[in-house]
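A quick write-up on the structure given underneath.
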2 protein chains.
Amino acid sequence: MARLVDIAQAAGVSVGLVSRVLNEDPVARATPATRQRILKAASHLGYRPNYAARALKFSRTDTISLVVPDLTNAMFTELMRGVEDESGALGYTVLLGRSESLTNQDQISQLLDQGRVDGFLLQARDDESTQSLTALIGSSPVVLINGRLDTHPGSVMIDDRAASGTAIDYLLVRGHREIGLINGLRSSLTARLREEGYREALQRSGIRPVEAWITHLGYRALDAGPALAQIMQNDHRPSAVVVANVNAALGVLTKARELGLGVPEDLSVIAIHDAWTCDHTWPPLTTVRMPLYDLGARAVRTLHDRLRGSVGVDSVVDTVAPLVVERASVRSLS
Amino acid sequence: MARLVDIAQAAGVSVGLVSRVLNEDPVARATPATRQRILKAASHLGYRPNYAARALKFSRTDTISLVVPDLTNAMFTELMRGVEDESGALGYTVLLGRSESLTNQDQISQLLDQGRVDGFLLQARDDESTQSLTALIGSSPVVLINGRLDTHPGSVMIDDRAASGTAIDYLLVRGHREIGLINGLRSSLTARLREEGYREALQRSGIRPVEAWITHLGYRALDAGPALAQIMQNDHRPSAVVVANVNAALGVLTKARELGLGVPEDLSVIAIHDAWTCDHTWPPLTTVRMPLYDLGARAVRTLHDRLRGSVGVDSVVDTVAPLVVERASVRSLS
DNA sequence: TTGTACGCGTTATCAC
DNA sequence: GTGATAACGCGTACAA
C-alpha cells in the first residue's frame with residue numbers, strides 16, 4: 001500500500017534516500033536524524049516493498065516451487081518442513097505444487113519464463129519416464145528430489161540402498177531369512193537403488209534373493225495388494241516383506257488380512273519411510289525413518305547455489321543414518 | 001525471456017501494436033498481414049508475458065492462496081482439486097500454504113501488501129480463536145472455508161448439521177439408540193454445528209442426548225484417544241460413536257483396540273469426511289462423504305466475486321447431499 | 001549527505 | 001492502422 005514515495009514525503013526526503021536507508025546501503029550512510037525520521041515514517045506507514053516492482057527490477061522473484069507427486073502423503077510433511085525452514089533462512093518464499101498439476105508440456109519453463117518462480121524442487125512421479133522428465137526440465141534451474149538425471153546435474157537423494165539395507169538387517173537380526181520386496185516401478189531410480197540395497201544386504205549374509213519374492217508394481221496402496229498376492233501365490237512363501245513405501249504398506253496390510261494372513265504372526269512387514277499414521281494401522285507399522293527434513297533443506301541449498309551460478313551438484317543426504325521405528329508389524333522368529 | 005520489444009523488432013512494428021494484437025484489443029485491429037507477422041514472431045520466439053511487469057502495471061497478480069491447517073490430511077485432496085480447477089477456469093494461479101506457517105502476526109496482510117497474492121482462501125486451525133482470526137484477516141480479501149465471522153462476510157461451509165445428522169440417521173436405522181459424539185474443540189464453529197446436527201437428529205427420534213457421551217477434545221488422532229477413553233469410563237456406554245473427523249477416527253480405532261473393544265462388535269464407529277485411507281484402517285472405516293470439491297470451487301468463486309468488488313457473501317454448499325460410504329466399522333443391531 | 005533520473009516489461013492514451 | 005510515450009514502484013548510478 002504505502003510506497004517509497006509516500007514515506008519519502010512523510011519524512012521530507014527523496015525516494016532515493018529512503019530506499020538506501022531501508023536497504024541499509026553501506027556506501028552512503030544518512031544523518032542519524034534523517035535516518036530516524038525515515039525509519040519512523042516507514043514503520044508508521046507500515047511500508048512493505050512492492051514485490052512486483054522488485055521482481056521486475058531484478059528479474060528475480062526469490063520464490064521457488066516445491067513439487068511433489070502427492071502433497072497428502074504424510075511422508076512429505078518433514079520434507080516440506082525442511083524446505084520451508086531453509087527457504088526462510090535463505091530468503092525464499094515457497095510455492096507448493098503437485099506433480100499431477102504439471103502434467104502437460106512445458107509448464108515448468110512457462111512458470112520460469114513468466115518470471116513467477118526462480119527455480120524448482122521437483123520430485124517426479126515414479127512412473128515419469130526419463131525422457132519425458134528430461135524434456136520437462138530442459139535446462140531449467142531444477143533440483144531433482146529422490147531422482148537423478150545424467151544429463152542434468154542437480155539432485156538430492158536419500159540413501160536408498162541404506163534404507164532397504166537397514167530394513168533387511170533388522171529382519172535378519174530377528175531371524176528372518178526369507179524376505180520379499182514389494183518395490184516401486186522399475187522406471188524409478190529410487191526403487192532400483194532400494195532393490196540393490198536389498199540384494200546386497202541379503203548377499204552379505206550369504207542369502208540368495210528369491211526372484212519370485214520381488215515385485216515392481218508401484219508405490220501406491222493400490223499397487224501393493226496385487227504385489228503381495230503375487231508373492232504369496234508361490235508354494236514357498238517368505239516370512240517377511242520389505243515394502244518400499246508407507247502407502248504401499250497400507251495396501252499390504254489390507255491384502256494380508258484379505259488373504260487370511262496374520263501380521264506379524266504369518267508375515268512380518270517393514271516399510272521404508274515413516275509417518276504418524278503408522279501408529280494407527282493394525283498392527284502398528286514398523287518403519288525405517290529417513291532424514292527427509294535434511295533432504296528438503298539440502299535441496300533448497302542446492303537450488304540456491306545453482307541460482308547463484310554454481311554448476312548443479314548431485315548429492316546423497318546420508319548425514320543421518322536410517323532409523324528403525326519399532327512398532328508391531330515384525331515378529332521375532334528366535 | 002523474449003520480450004514485447006523483441007517480437008516487435010522481429011515483426012518490424014512497435015511494441016504497442018504487438019501488445020494490442022496479442023491481447024486481442026477489440027478497439028484497434030491491425031492489418032491481417034502485420035497481425036500474422038506479429039503472431040508468427042511471437043510463437044516463434046516463444047513469447048510469454050512477464051508476470052512481474054503485469055503485476056506492477058495492474059497491481060494485481062491473479063494469484064490466490066489456499067491455506068489449510070494440514071496439507072497432508074487426505075480429506076483436503078478433493079478440496080484442493082476443486083480449488084485448482086475453478087482457479088484455472090477463472091485464470092488464477094494457486095499458492096498452497098499451511099496454517100501453521102502463518103502463525104505470527106500479520107503474514108496475511110504482508111503477502112497482500114507485498115502484492116504477492118490477491119486474496120486468500122483460508123481454513124483456520126480449529127483452535128484459532130475468533131479474535132485472533134479477526135485480527136489476522138482484518139479487512140483483507142479472505143474467504144473463510146469451514147468457518148464464519150460475523151464481522152467479516154465472505155465464507156463457504158459444508159452443511160455440518162446435515163453431516164452429523166446423516167451419520168446419526170444411518171446409525172438409527174441400524175438399531176443404535178445410544179450414540180456418543182467425539183467432536184472438535186468448542187472454539188470451532190464447525191464442531192458446534194456438528195453437535196447441533198447430532199442433537200437435532202437424536203431428538204427428532206425422541207432420543208435425549210447423553211452429555212457424558214459428548215467430548216470436545218479436538219480433530220486430531222492424538223485428541224481422540226483420550227476422548228474415547230473418557231466416554232467409555234461411564235458405567236453406561238454407547239453402542240456407537242460419531243467421530244467428527246477422519247484423523248480423529250484413526251485415534252478412536254487405536255484406542256478402542258487398546259481398551260479391548262472390538263469395532264464394530266462392541267462399538268460402532270462412523271466418521272465425518274472421507275479419504276482413501278479409510279479403506280486401509282482396521283476395520284475399514286464407514287464415513288460420511290461431504291462435497292469438498294464443490295466447496296473448494298465455491299470458495300474460489302466467492303473470492304473472485306469479492307475481488308471484483310462484490311460485498312462478501314456467506315454460503316453453505318448443500319447442493320450435494322452427504323453420502324454415507326459404507327465400509328465395516330458399523331454394526332447392525334437388529 | 002542527499003536529490004535526480006533512468007530502466008526493468010507491460011498496457012493505455014493520445015497523436016499521426 | 002500504427003507509433004510514440006507515460007506510468008506502475010523500485011533501486012541505483014550519477015550529479016550536486
Side-chain angles (χ1 to χ4, degrees), chain A residues 1-39 41-42 45-63 91 110-118, chain B residues 1-39 41-42 45-63 91 110-118:
Chain A
M1 205 74 263
R3 301 153 305 163
L4 276 186
V5 57
D6 296 320
I7 112 164
Q9 195 167 8
V13 292
S14 73
V15 282
L17 188 51
V18 175
S19 174
R20 274 166 292 178
V21 167
L22 260 32
N23 290 333
E24 291 164 339
D25 187 332
V27 31
R29 279 190 354 217
T31 285
T34 58
R35 189 179 147 72
Q36 283 312 315
R37 251 186 310 140
I38 291 174
L39 257 28
L45 272 56
Y47 172 75
R48 306 221 187 280
N50 181 287
Y51 181 72
R54 284 181 102 111
L56 182 57
K57 180 76 181 166
F58 296 122
S59 41
R60 174 163 53 79
T61 62
D62 289 331
T63 298
Q110 184 174 334
L111 284 170
L112 248 16
D113 288 350
Q114 286 182 149
R116 281 170 176 271
V117 298
D118 294 341
Chain B
M1 207 74 261
R3 302 155 302 164
L4 277 185
V5 59
D6 296 321
I7 110 164
Q9 194 168 8
V13 293
S14 72
V15 280
L17 188 52
V18 175
S19 174
R20 273 167 295 178
V21 167
L22 259 35
N23 291 331
E24 292 166 336
D25 187 332
V27 31
R29 278 191 352 217
T31 287
T34 59
R35 187 179 148 72
Q36 284 312 315
R37 250 184 312 138
I38 291 175
L39 257 28
L45 271 58
Y47 172 75
R48 304 218 190 281
N50 180 287
Y51 180 72
R54 282 178 107 114
L56 182 58
K57 182 75 183 165
F58 294 123
S59 41
R60 175 164 52 80
T61 62
D62 289 331
T63 299
Q110 184 174 333
L111 284 170
L112 248 17
D113 288 350
Q114 284 181 152
R116 278 171 177 270
V117 299
D118 294 342

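Residue numbering restarts at 1 for every chain, and letters A, B, ... go by the order of the sequence lines.
- Taking atom CD of residue A:E24 and atom C1' of nucleotide D:dT12, one finds them 17 Å apart after rounding to whole Å.
- Distance B:I38 CD1 to C:dT11 P: 13 Å, rounded to the nearest Å.
- Distance B:L4 CG to D:dA7 C1': 15 Å, rounded to the nearest Å.
- If you check distances only, the side chain of A:R20 does reach the base of C:dG3 with a donor-acceptor pair under 3.5 Å.
- Between the CD atom of A:Q9 and the P atom of D:dG9 there is a distance of 13 Å, given to the nearest Å.
- For B:S14, the side chain to side chain contact (heavy atoms under 4.5 Å, CB included) partners two or more places apart in sequence, or in a different chain, are B:L17.
- If you measure from atom CG of A:L17 to atom P of D:dC10, you get 15 Å, rounded to the nearest angstrom.
- Contact annotation for A:V5: no contact, since no heavy-atom pair falls under 4.0 Å across all strands.
- Near DNA chain D, defined here as any heavy-atom distance below 4.0 Å, the residues from residues 50-63 of chain B are B:L56, B:K57, listed numerically.
- Residue-to-nucleotide proximity on DNA chain C shows that, of A:T31 and A:V15, the 5′-proximal contact is made by A:T31.
- Residue pairs meeting the salt bridge (Lys or Arg N to Asp or Glu O under 4.0 Å) criterion with at least one partner in residues 49-60 of chain B, sequence neighbours excluded, are B:R60-B:D62.
- Considering only residues two or more places apart in sequence or on other chains, A:T63 meets the side chain to side chain contact (heavy atoms under 4.5 Å, CB included) condition with A:Y51, A:T61, A:T93, A:L95, A:V117, B:R116.
- Nearest heavy-atom pair, A:V15 versus A:A8, reported as atom, atom and distance to 0.1 Å: N-CB, 3.7 Å.
- A:D25 has its CG atom 13 Å from the P atom of C:dT2, to the nearest Å.
- The residue among B:N23 and A:R37 whose nearest nucleotide of DNA chain C is located toward the 5' end is A:R37.
- Using a 4.0 Å cut-off, no side-chain N or O of A:T34 falls inside it from OP1 or OP2 of C:dT1.
- B:D118 is linked by a salt bridge (Lys or Arg N to Asp or Glu O under 4.0 Å) to nothing, counting only residues two or more places apart in sequence or in another chain.
- In this structure, CD of B:Q36 is placed 13 Å from P of D:dT2, rounded to the nearest angstrom.
- Nearest approach of A:R48 to B:Q110, heavy atoms of both residues: NE-CA, 3.4 Å.
- Here B:R3 pairs with B:D6 under the salt bridge (Lys or Arg N to Asp or Glu O under 4.0 Å) rule; sequence neighbours left out.
- Direction change of the helix axis from one end of the helix from C:dT1-D:dA16 to C:dC16-D:dG1 to the other is 50°, with five pairs defining each end axis (rounded to 10°).
- For A:A10, the side chain to side chain contact (heavy atoms under 4.5 Å, CB included) criterion is met by A:A41, not counting sequence neighbours.
- In this structure, A:L22 and A:I7 approach most closely via the heavy-atom pair CD2-CD1, 4.0 Å.
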